[in-house]
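See below for the structure under consideration.
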Amino acid sequence: MRILVVEDEEKVASFIRKGLVEERYAVDVAHDGQEGVELAALNPYDLVVLDLMLPKLDGFRVIQRLREDAVDTPILVLTAKDSVGDKVRGLDLGADDYLTKPFAFEELLARIRALLRRGGGNAAPVFQVADLVLDPAARTVTRGGDKIELTAKEFALLEYLMRHAGRVLTRTMILEHVWDQSFDSYTNVIDVYVNYLRKKVDQGREPRLIHTVRGVGYVLREES
Ligand code: CA
């Protein structure tokens, strides 16, 4: 899952970024509203965390621009003060949720998880394909009841594959949703990580779930 953080305060931005990266999200940061709109138009983010008081273009204008451009990515607004007027205005313009600063990081994470579930159109908080089960909230993966230990990146990759189980995902799609901008065009990294995942998820087990679609990408499914 890839998240755009639009926040001009350097300290707050790097605090949020660090925390989200630890939670296995791919994160890009925009430092003003203009940059936020540009990045959101350029990359298919799964969520935008948006501060309201921003240079160049304030948060309200950012929401407006994104919704006018038919970008329907869920937006979580951060408000500096507990102002009812700001919240109502943000929600009316098309934001999906808000959080008042200062906030507990745990609450930010819970709200992000809730919005991602909604955005993916999947009400079930747990993903299952055959006997493989991934729980995003608990951050656990089991196969046939056995716990599988994954690194943060492996987990993010498996979550993306399971969220779109049965659908062929191109390397570009995987790269755009699981990695951040620093990995642009280095697509070999995906093949490396898929191999790590296969060793942990598929090796010595039946049926195999992670399949290569030659010349295209990968799909996670139970083959009939
Ligand atoms: Ca600000």
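Each ligand, and each atom within it, is numbered from 1 in the order the structure gives.
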**Message:** I'd like to know if the side chain of K87 reaches the main chain of L99, judged simply by a donor and an acceptor atom lying under 3.5 Å from each other, with no hydrogens or angles considered.
**Reply:** no
**Item:** Salt bridge present between D191 and R171 (N-O < 4.0 angstrom)
**Value:** yes
Name each donor-acceptor pair under 3.5 Å that joins a side chain in residues 3-13 to protein atoms two or more places apart or in another chain, with its distance.
{"unit_1": "E7", "atom_1": "OE1", "unit_2": "K101", "atom_2": "NZ", "d": "2.9"}
{"unit_1": "E7", "atom_1": "OE2", "unit_2": "E9", "atom_2": "N", "d": "3.0"}

**Complete:** With sequence neighbours left out, the residues meeting ring-ring contact (aromatic ring centres under 6.0 Å, His included) with F105 are F15
**Request:** With sequence neighbours excluded, tell me which residues meet ring-ring contact (aromatic ring centres under 6.0 Å, His included) with Y193.
**Result:** W179, Y196
**Request:** Give the total of protein N/O/S atoms at a distance below 3.0 Å from the Ca ion (ligand 1).
**Result:** 3
**Prompt:** Does the pair R139/E23 count as a salt bridge with the N-to-O cut at 4.0 Å?
**Reply:** yes
